[in-house]
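See below for the structure under consideration.
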Amino acid sequence: MKLAILAQAYLFDKTAPINGTLVQLYNLTQGFKSKNIDVNYIAVTKDTTKPKDEIIEGVHFYWIQARPGMLGWKKIMNDYRSILNEVKPDAVYVRGRNVMQYVAGTYAKAHNITYVWGTNGDDSAEFNKNVKRLRESGKSILKKAFLYPIKAYEDKYINKGMKMAQSVVNQSEEQKLATKKHLGKSGTVISSYFFMPIQKIETKENVILWLANLSKVKQPELFVEIIKKIKVSDWSAVLAGG
């Protein structure tokens with residue numbers, strides 16, 4: 001079986017940000033590879049020294065050079081399509097809410113193959129999420145008015161892409177319920193999985209670590225509240241994040 005993963009970036013690309021989506025995509029890639037699936041990973045990079053494609057850890061990578069500008073996401077959609085036409089996969093997988101959902105959906109429909117979408121948040125299946133974020137942001141009214149048509153344009157592709165997903169994978173029951181509510185699709189819950197490290201890592205005893213993006217959606221204040229309630233003198237707590 002030949003699988004194509006459409007991703008915004010790759011975890012170990014030096015120009016890519018590190019986030020939960022890329023970590024999970026890496027784990028999925030390794031898991032699929034271990035099952036003798038021909039994995040083809042298509043991703044954007046800002047590294048201009050990257051070749052068009054290469055093999056890394058038994059996975060075939062195809063690199064798309066990042067396009068500058070507010071409509072850069074629109075320009076690279078054709079790049080994803082061109083590579084899919086070259087790879088000719090039996091199935092396509094997209095994780096998270098992005099325009100690759102539309103690329104995957106239209107390609108899967110045209111070639112009668114399976115398109116699987118993995119949610120990465122309780123609000124992943126909401127329509128017009130970019131517009132909603134813009135509206136709730138602290139930007140000036142003038143800037144919001146300028147950005148609105150661009151965000152609405154991107155949302156249009158994402159909304160259509162979500163509707164075309166034939167199979168949906170959720171990380172939790174909450175995501176499954178939200179997907180059913182917003183999209184009318186029943187997802188399959190598969191909890192996030194992390195591989196054990198190969199090398200032994202030296203750890204400190206009696207330390208509780210919270211490590212994530214320090215954003216509102218991650219609710220770091222809950223960690224603080226839990227630590228306040230524990231009140232154990234011989235334990236220390238560390239909150240760290242970008």
Side-chain angles (χ1 to χ4, degrees), residues 3-9 17 19-25 27-28 42-44 70-74 76-77 80-81 84 89 91-139 144-145 147-193 212-222:
L3 171 68
I5 295 177
L6 276 59
Q8 291 174 301
N19 56 46
T21 291
L22 295 187
V23 171
Q24 286 300 320
L25 280 176
N27 290 336
L28 281 168
I42 308 170
V44 174
M70 287 181 289
L71 287 174
W73 56 267
K74 179 67 170 64
I76 62 174
M77 289 173 70
Y80 281 101
R81 289 191 188 96
L84 283 174
V92 286
Y93 177 87
V94 180
R95 178 179 170 83
R97 189 179 180 281
N98 49 65
V99 295
M100 278 90 78
Q101 292 172 273
Y102 180 78
V103 176
T106 52
Y107 182 87
K109 184 178 180 180
H111 295 83
N112 195 29
I113 65 171
T114 302
Y115 157 37
V116 181
W117 174 48
T119 60
N120 65 341
D122 295 351
D123 58 352
S124 279
E126 286 186 11
F127 291 114
N128 305 312
K129 186 175 169 182
N130 286 332
V131 169
K132 178 183 175 183
R133 283 180 171 176
L134 177 64
R135 190 167 54 244
E136 295 174 350
S137 72
K139 293 180 173 61
K144 286 181 179 180
L147 292 173
Y148 181 87
I150 297 173
K151 295 299 181 182
Y153 187 39
E154 186 177 6
D155 275 334
K156 182 187 76 170
Y157 285 105
I158 296 171
N159 294 342
K160 289 181 178 180
M162 286 194 294
K163 291 178 181 178
M164 288 188 281
Q166 294 152 305
S167 298
V168 180
V169 177
N170 303 122
Q171 290 175 283
S172 64
E173 289 294 336
E174 288 76 15
Q175 289 185 20
K176 180 177 181 178
L177 290 172
T179 302
K180 185 67 174 178
K181 174 184 175 182
H182 296 295
L183 204 56
K185 292 181 181 289
S186 297
T188 301
V189 177
I190 301 178
S191 300
S192 298
Y193 176 78
N213 188 342
L214 289 174
S215 63
K216 183 179 179 180
V217 70
K218 298 296 183 182
Q219 300 176 287
E221 69 278 1
L222 294 182

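Between Thr188 and Val168 there is no side-chain heavy-atom pair separated by less than 4.5 Å. Gln171 places none of its side-chain heavy atoms less than 4.5 Å from the side chain of Val189. Looking at Val92 and Val116, their side chains never come closer than 4.5 Å, going by heavy atoms from C-beta outward. Inter-residue side-chain proximity for Tyr80 and Val44 is flagged as met; some heavy-atom pair is nearer than 4.5 Å. Within the 4.5 Å cutoff, no side-chain heavy atoms of Lys218 are placed close to those of Leu214. At least one side-chain heavy atom of Phe127 sits under 4.5 Å from a side-chain heavy atom of Leu183. Under the 4.5 Å side-chain criterion, counting only non-hydrogen atoms from C-beta, Met100 is in contact with Gln8. For the pair Ile5 and Leu25, the minimum side-chain heavy-atom distance is below 4.5 Å.
Note that CG of Leu71 is 5.5 Å distant from CD1 of Ile150, once rounded to the nearest 0.5 Å. How far OG of Ser172 is from CD1 of Ile190: 12.5 Å, rounded to the nearest 0.5 Å. In this structure, the separation between CE on Met162 and OG1 on Thr119 is 11.0 Å, given to the nearest 0.5 Å. In this structure, the separation between NZ on Lys129 and OG on Ser124 is 5.0 Å, given to the nearest 0.5 Å.
The only option from Ile113, Leu3, Thr114 that meets the side-chain contact (heavy atoms from CB on, under 4.5 Å) definition with Pro89 turns out to be Ile113. Of the candidates Arg135, Arg97, Arg133, Asp155 forms a salt bridge (Lys or Arg N to Asp or Glu O under 4.0 Å) with just one, namely Arg97.
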Verdict with supporting geometry, Leu6 and Val103, side-chain contact (heavy atoms from CB on, under 4.5 Å): CA-CA 9 Å; Leu6 276 59; Val103 176; 4.0 Å; yes
Candidate pair Lys74 and Tyr153, rule side-chain contact (heavy atoms from CB on, under 4.5 Å), full reasoning: CA-CA 9 Å; Lys74 179 67 170 64; Tyr153 187 39; 3.1 Å; yes
Stepwise side-chain contact (heavy atoms from CB on, under 4.5 Å) test for Trp73 and Asn98: CA-CA 9 Å; Trp73 56 267; Asn98 49 65; over 6 Å; no
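Proximity of a side-chain donor or acceptor of Trp117 to a complementary backbone N or O of Gly96 within less than 3.5 Å is detected. A donor-acceptor pair under 3.5 Å is formed between the side chain of Tyr107 and the backbone N or O of Leu84. Distance alone, capped at 3.5 Å, places no donor-acceptor pair between the Lys109 side chain and the Met164 backbone.
Residues Gln175 and Asn170 approach most closely at O-ND2, 3.7 Å, considering heavy atoms. Across all non-hydrogen atoms, the minimal contact from Leu22 to Ala9 is CD2-O, 3.3 Å. In this structure, Lys139 and Leu134 approach most closely via the heavy-atom pair CD-CD1, 4.0 Å. Between Gln166 and Ala108, the shortest heavy-atom distance links the atoms OE1-CB, 4.2 Å. The two residues Arg95 and Thr21 come nearest to each other via the heavy atoms NE-CA, 3.6 Å.
Within a 6.0 Å sphere centred on OH of Tyr148, other residues, nucleotides and ligands contribute 12 heavy atoms or fewer. The number of heavy atoms from other shown groups lying within 6.0 Å of NZ (Lys151) does not exceed 12.
A cation-pi arrangement is absent between Lys156 and Tyr102, since the terminal nitrogen or guanidinium carbon is not both under 6.0 Å from the aromatic centre and inside a 45° cone about the axis.
Not a single salt bridge (Lys or Arg N to Asp or Glu O under 4.0 Å) links Asp122 to another residue, sequence neighbours left out. Checked against salt bridge (Lys or Arg N to Asp or Glu O under 4.0 Å), Glu126 has the following partners two or more places apart in sequence or in another chain: Lys132.
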